[in-house]
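These notes concern the structure reproduced below.
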There are 2 protein chains.
Amino acid sequence: MSTSIATDHSTRDRIAAAAAPLFADRGFAGVSVRDIADAVGIKAASLYNHYADKEALYFAVLALVFSRRAALVEDALKATGTPRARLKEMVSALVQGTAGDPVAARLLQRELLDGDIRRFERLVGDVFGRPFAHMTALLTELAPGGDGAQTAAYLISLIHGYCVFAPVFPALDPSLTTDTSVLADNLAEELLGRMERPRP
Amino acid sequence: MSTSIATDHSTRDRIAAAAAPLFADRGFAGVSVRDIADAVGIKAASLYNHYADKEALYFAVLALVFSRRAALVEDALKATGTPRARLKEMVSALVQGTAGDPVAARLLQRELLDGDIRRFERLVGDVFGRPFAHMTALLTELAPGGDGAQTAAYLISLIHGYCVFAPVFPALDPSLTTDTSVLADNLAEELLGRMERPRP
DNA sequence: GTGAGACTAACGAACGTTAGTTAGGCTTGG
DNA sequence: CCAAGCCTAACTAACGTTCGTTAGTCTCAC
């Protein structure tokens, strides 16, 4: 209503793109609309030609970043091949989507901190529900005896948690790897190992 | 220097205790000193009789909350008994320290987001370094072939990640459990299973 | 015992700054 | 020519912080 649609490919999107890393780094309250305007190269007041208020801009950023991230995972789940290859592909896409896109990862983490149940439900319904269901389906297919959804939940938790902790690991123990491709390999191998031995 | 020592058990600590859940819920920038003062039942100006500024208060909150949490884990590591029992004790303490103390968990998550390398190093040196080293030692003792530090890192990542995601799980899949004692049991069993089979 | 002086910790008021937001005018591409 | 989009200027509200003051408490010399 208050924002134009015709020029979405232009300034409106540039604003969201510029705001994303700022919100990811410092959070909603930590970023001023003047900061965002500076990053775009316009004045703060001009933002209001494109977004109703700061919150609307924030939600637009979430939609932009998360839809991009969900698409990445979902693409990886379309891969064909041996079960082993498909699982490795999925794990690697998950790791890549988290470690390789810190803006998305940090925004997600902040959303988990600041959001309420309503926001979570919208997030799941809009972007994360589908890839999660597909992950669950793949894991259930590969290990019919186990609980695919639960395994998917553990997998996501571990990957996300690891990427969140990664910056502290060097301080905790210098031998800890921050190479996320190693993480992906370890996780895939671990999952495959569990599947070959049915009862953990 | 700027704050008294003789009355630490009184107002100064009450301020930190009242500020902790606020900072945990809304972050440093999301909480005003007036909010904190209201929670304590004094005026904002009076806070400055006890803390030099808002940031000093924030660091005091971190010290208060994290030292409490680290002590919990370290106590659990002092348990004696069979290796199996000690590991279960440790995992359960880790889960309890995260799921059972959401203020600490959320503050930690925010610190991982907002802190820089210097802050991480101080955090590790002051509180988290010792329990992590003890965890590593226990895991290495129980599975001499494996990499104890790496396993500890995975363990912490998974537990923290799971507790962070827990609020979204019901929206993702109603079958997912948010009962953290189940999580503790699963993790302990999984670790024990891996140790009995040396090479995954 | 009591009053003077030092100290603590509370207060209301105000400081300067920055926040998000709005109004209105200038510029310019279609 | 006109509307879309930028600008300057301004607003109110809230921010962290400082100030001067005051009420209460403790310690002692007298």
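Everything quoted here is computed from the prediction, not taken from an experiment. Naming: A, B, ... by sequence-line order, numbering from 1 per chain.
Rounding to the nearest 0.5 angstrom, the gap separating the CG atom in Leu22(A) from the CD1 atom in Ile36(A) is 6.5 Å. With rounding to the nearest 0.5 Å, the separation of CZ in Phe23(A) from CZ in Phe28(A) is 6.0 Å.
Checked against dT17(D), dG20(C), dA9(C), the side chain of Tyr48(B) finds its nearest nucleotide in dT17(D). For Asn49(B), the side-chain atoms get nearest to dA9(C) when compared with the rest of dA9(C), dA23(C), dG16(D). Checking dA19(C), dC11(C), dC7(D) against the side-chain heavy atoms of Ala45(B) singles out dC11(C) as nearest. Residue Arg34(B) has its side chain nearest to dA14(C) when only dT21(C), dC11(C), dA14(C) are considered. With distances taken from any side-chain atom of Lys43(B) to the nucleotides dC7(D), dT17(D), dC11(C), the minimum falls on dC11(C). Closest to the Asp53(B) side chain, of the nucleotides dT21(C), dT17(D), dT18(D), is dT17(D). Of all nucleotides listed (dG5(D), dC11(C), dT8(D)), dG5(D) comes nearest to the side chain of His50(A).
Among the atoms of the strands shown, none is found under 4.0 Å from any heavy atom of Val40(A). Residue contacts shown for Ser32(B) are limited to sugar-phosphate atoms, with no base heavy atom under 4.0 Å away.
Separating the CD1 atom of Ile42(A) from the P atom of dT21(C) is a distance of 14 Å, rounded to the nearest angstrom. What separates CD of Glu55(B) from P of dC15(D) is a distance of 18 Å, to the nearest Å. Note: CD1 (Ile36(B)) to P (dC15(D)) measures 11 Å, nearest angstrom. Rounded to whole Å, atom P of dG16(D) lies 14 Å from atom CD1 of Ile15(B). Whole-Å rounding puts the Leu57(B) CG to dC15(D) P distance at 15 Å. Atom P of nucleotide dT17(D) and atom NZ of Lys54(B) are separated by 8 Å, given to the nearest angstrom. As rounded to whole Å, 17 Å separates atom P of dC19(D) from atom CG of Leu47(B).
Checking the phosphate oxygens (OP1, OP2) of dA10(C), a side-chain nitrogen or oxygen of Thr11(B) falls inside 4.0 Å.
Nearest approach of Leu57(A) to Ala16(A), heavy atoms of both residues: CD1-CA, 4.2 Å. In terms of heavy atoms, Phe132(B) sits closest to Ala152(B) at CE1-CB, 3.8 Å. For the residue pair Ala99(B) and Thr180(B), the shortest heavy atom distance occurs at CB-CG2, 3.4 Å.
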